[in-house]
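Below is one structure, written out as structure tokens; comments come after it.
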Amino acid sequence: MIVPMKKVFLVVLNSEKKEALKKLRKLGLVHLEAVEGKGELLASEKAEYSALESAFMVLSEVKLPKKKGKVETKPGKMNFSETVSFARHILELGEEKQSLVNKIAFCSGELDRLAKWGGVNCDDFAYLAEKGVNLAMYEIPPAKYRNLPDTVKSVYVSEDKNAVRFLALTDNGERPEGLPAEAFAVQMPERSTVQMEQDISSAKKRIVEIEAEFVSAAENIPALKEAMKVSDKQIEFETFFSGMDHEESAEGQKSVVGGELAWLTGFVPAEDSDKVKALAAEENWGFAVTDPSEEDEVPTKLKNNKFVSLIYPVTDFLGTVPGYKEYDISGWFLLFFALFFGMIFGDGGYGLLMVLVALGGLIKSGKKAGPAMFLLLLLGMTTVLWGTVTCTWFGMSVDVLPAWLKNLSLTWTVFPLSNVTAAQSAEASNLVSQNLQVFCFGIALVQLSIAHIKGFIRYRKSLRCFAEIGSFVMLAGLFFLVLNMVVDADRFPMPSWAIPAIGGGFVLKFIFGSYDGSIGASILDSCKNIVSVLLGVVNNFSDIVSYIRLWAVGLAGSAISETVNSMAGPMLGGAIIFAGILLLVFGHGLNMVLNVLSVIVHGVRLNTLEFSGHLDMSWSGFSYKPFSETADK
């Protein structure tokens, strides 16, 4: 559920606001409203954090020798100030390394450009210029060189089939008169080729030294991470301290309370508001508490049991947070996500592998195991369940599967879903395929209906609840329309009540969809948005059809599994059995990776788009992050 919040107002003496913030941070319950910090101290602290973060990124990319293994720093090896200095030193080394890399690239380019000239020494050219002999380097096609006019004084250097390289005597560096346009002037290097070769050699040597220092410094990565946490808290504190609103007394005027006032606002879980009130009373702060207004941007704090909380790794990865006034669909999200996951993976063998990995991780982690491992176990179990229902195990033909596995699958005559039935004939295969599609559309009807049932409960004291009834009735009619148009018109004829249900639902939605105290205003609003209202029917139809992706993606994964097996099968009985095993591992491994991507794209979408759309959810919320001394609660 979404925890109810209270808005709190705190007023303190401006001279005591630092101590007040420290005590409020120690309490760790109030999510303070954002303020704009300012001041040199805040800028300095942000610069420190930037240095720590940049140094951490530099050292995180260092490849450690295998013999070093995992390195850890000892607690207290460096204090915060020393860690910041260390980070800046790492950044200086990084800048030096980048400068050396650029230098190597430049010199290498120059050497490549001058390679066919042999050694070039710009000092020699300068010496000759002092003696009145100005030479310039040129390249020209061989035929043109042989026809140079006598007015051009040249010194032959080298040639190939494309060009002749020569030195031309010039007058104060000007292009010699009569030199053909095809003659290309070669730019003089800033340093001799010998010096550039030495520069490259010394730069490479220095880069090796810097990289060795990085390897040695990598043991301080944990210290950098800890310092970043400290720095982040310092920035947070200074932001609120420097950004707190306050008043200043006019010059010469004394405040009634003995000093200027400062204040801040924030949000606290309703169940904890008394603790903030008690602290305010103890510290003699001004305090007020109220319910959040419509205009307030209230943080969202979710509170669920341990089982429902298993979905948090997914929502945290997606960065989706419901708005304070929206729904907490964590339980429904977990239920349908697990179902979608199992159907998209669709293979009981893959599910068994996930279960084994999850159990191994849980045993290894013990009490420290996080929700991600338990979620993997749940998803593996749902995949095994779906694989059992459909009799799908590593893409193997049902002919080679044991009888007991076949008997566990869903081979009901009325509604078979098993590959055992599908393997009997082409007609049976088509029937199973249709049933799987019907099952997907059935899930759509159930999930989307749940959305409107929740909407009805929310608006049960308002006439707007009739709009939710209309949507529910419309979905029922559209469900049979989808079966008739998408699955099989002969098998699923349209019920006589379906079209009236769609029309009646649309009318209820049109009349009450924007109801807010006035039916007339609601109808007028629907008339203004008539295109969107009409498209709503089409969207409901497409939302139901969208669930067919569960069948289609699962079918694609199954086809890949079968293809891998057919390719590897002939290899397993001969001398190249190792290649066959390798192909099986690679092929099925790749298929599992593709299935994970499919879950992210399709399984998540059905929850965060189709289902959430019918709930009118925009996921516009942001997490409750109390001002505290420790990590976010």
Side-chain angles (χ1 to χ4, degrees), residues 1-12 16-37 42 45-46 49 225-246 262-293 295-306 308-309 311-313 315-326 328 330 370-371 619-633:
M1 70 172 206
I2 296 178
V3 176
M5 289 283 177
K6 292 288 186 179
K7 186 172 185 178
V8 296
F9 304 83
L10 294 172
V11 180
V12 300
E16 298 177 359
K17 66 179 183 179
K18 177 170 285 190
E19 289 301 316
L21 281 174
K22 288 181 179 179
K23 291 175 181 178
L24 195 63
R25 184 173 64 174
K26 186 176 182 180
L27 182 65
L29 292 175
V30 182
H31 177 112
L32 296 177
E33 286 192 317
V35 297
E36 185 176 351
L42 180 60
E45 290 177 345
K46 288 183 177 180
Y49 183 86
K225 292 172 68 175
E226 290 300 318
M228 286 168 63
K229 293 179 182 178
V230 173
S231 179
D232 185 58
K233 284 298 177 183
Q234 289 177 344
I235 292 172
E236 180 187 43
F237 185 90
E238 185 59 28
T239 297
F240 286 117
F241 175 72
S242 61
M244 280 181 67
D245 289 329
H246 65 279
W263 59 89
L264 50 80
T265 58
F267 300 92
V268 64
E271 60 189 10
D272 295 324
S273 60
D274 288 341
K275 296 178 182 178
V276 182
K277 182 178 181 181
L279 177 64
E282 181 182 344
E283 300 297 331
N284 294 317
W285 299 340
F287 175 80
V289 61
T290 184
D291 291 324
S293 67
E295 294 75 23
D296 286 327
E297 295 184 0
V298 187
T300 302
K301 180 181 181 181
L302 301 179
K303 184 178 181 180
N304 291 293
N305 57 49
K306 290 184 178 180
V308 174
S309 299
I311 197 61
Y312 289 171
T315 54
D316 290 345
F317 171 76
L318 298 172
T320 53
V321 180
Y324 178 68
K325 295 182 180 179
E326 294 182 340
D328 176 18
S330 299
W619 298 97
S620 58
F622 56 98
S623 297
Y624 163 72
K625 295 181 179 179
F627 183 54
S628 64
E629 295 178 336
T630 57
D632 298 336
K633 294 186 178 182

Exercise: identify the closest heavy-atom pair between [X] and [Y]:
X: K23; Y: W285; answer: CB-CH2, 4.2 Å
X: E33; Y: D296; answer: OE2-OD1, 4.4 Å
X: G621; Y: T300; answer: CA-OG1, 4.4 Å
X: F627; Y: L21; answer: CE2-O, 3.3 Å
X: S330; Y: V308; answer: CB-CG1, 3.5 Å
X: Y624; Y: L29; answer: OH-O, 2.5 Å

Near [X] [atom1], under 6.0 Å, is it more than 12 heavy atoms from other residues, nucleotides or ligands?
X: K325; atom1: NZ; answer: yes
X: E297; atom1: CD; answer: no
X: K7; atom1: NZ; answer: yes

Inset, instruction - Check the pair E629, K233 against side chain to side chain contact (heavy atoms under 4.5 Å, CB included), reporting the backbone distance first and the verdict last. - result: CA-CA 7 Å; E629 295 178 336; K233 284 298 177 183; over 6 Å; no
Let me confirm one number: the [atom1]-[atom2] distance from [X] to [Y], rounded to the nearest 0.5 Å.
X: L279; Y: K26; atom1: CG; atom2: NZ; result: 10.0 Å
X: L24; Y: L10; atom1: CG; atom2: CG; result: 6.0 Å
X: D232; Y: E45; atom1: CG; atom2: CD; result: 10.5 Å
X: S623; Y: K301; atom1: OG; atom2: NZ; result: 11.5 Å
X: N305; Y: M1; atom1: CG; atom2: CE; result: 11.5 Å
X: E226; Y: K229; atom1: CD; atom2: NZ; result: 4.5 Å

Has [X] got a side-chain atom pairing as donor or acceptor with [Y]'s backbone, closer than 3.5 angstrom?
X: S231; Y: A227; result: no
X: D245; Y: L264; result: no
X: K17; Y: W263; result: no

Inset, instruction - Check step by step if side chain to side chain contact (heavy atoms under 4.5 Å, CB included) holds for I2 and L302. - result: CA-CA 5 Å; I2 296 178; L302 301 179; 3.7 Å; yes
Legend entry - Partners passing side-chain hydrogen bond (donor to acceptor under 3.5 Å, both in side chains) against K277 (at least two apart in sequence or in another chain):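 Here no residue qualifies.
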Legend entry - Heavy-atom check, side chain of P292 versus side chain of F267, under 4.5 Å: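 Yes. Closest side-chain heavy atoms under 4.5 Å.
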Inset, instruction - Test F241 against L42 for side chain to side chain contact (heavy atoms under 4.5 Å, CB included), laying out the working first. - result: CA-CA 10 Å; F241 175 72; L42 180 60; over 6 Å; no
Inset, instruction - Go through V276 and K6 one step at a time and tell me if the side chain to side chain contact (heavy atoms under 4.5 Å, CB included) criterion holds. - result: CA-CA 11 Å; V276 182; K6 292 288 186 179; over 6 Å; no
Inset, instruction - Kindly indicate, with the supporting measurements, whether the criterion salt bridge (Lys or Arg N to Asp or Glu O under 4.0 Å) is fulfilled by K625 and E236. - result: CA-CA 12 Å; K625 295 181 179 179; E236 180 187 43; over 6 Å; no
Inset, instruction - Could you tell me which residues satisfy ring pair (Phe, Tyr, Trp, His ring centres under 6.0 Å) with F622, sequence neighbours excluded, listed by chain and number? - result: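 Counting only residues at least two positions away or on another chain, F622 forms a ring pair (Phe, Tyr, Trp, His ring centres under 6.0 Å) with H31.
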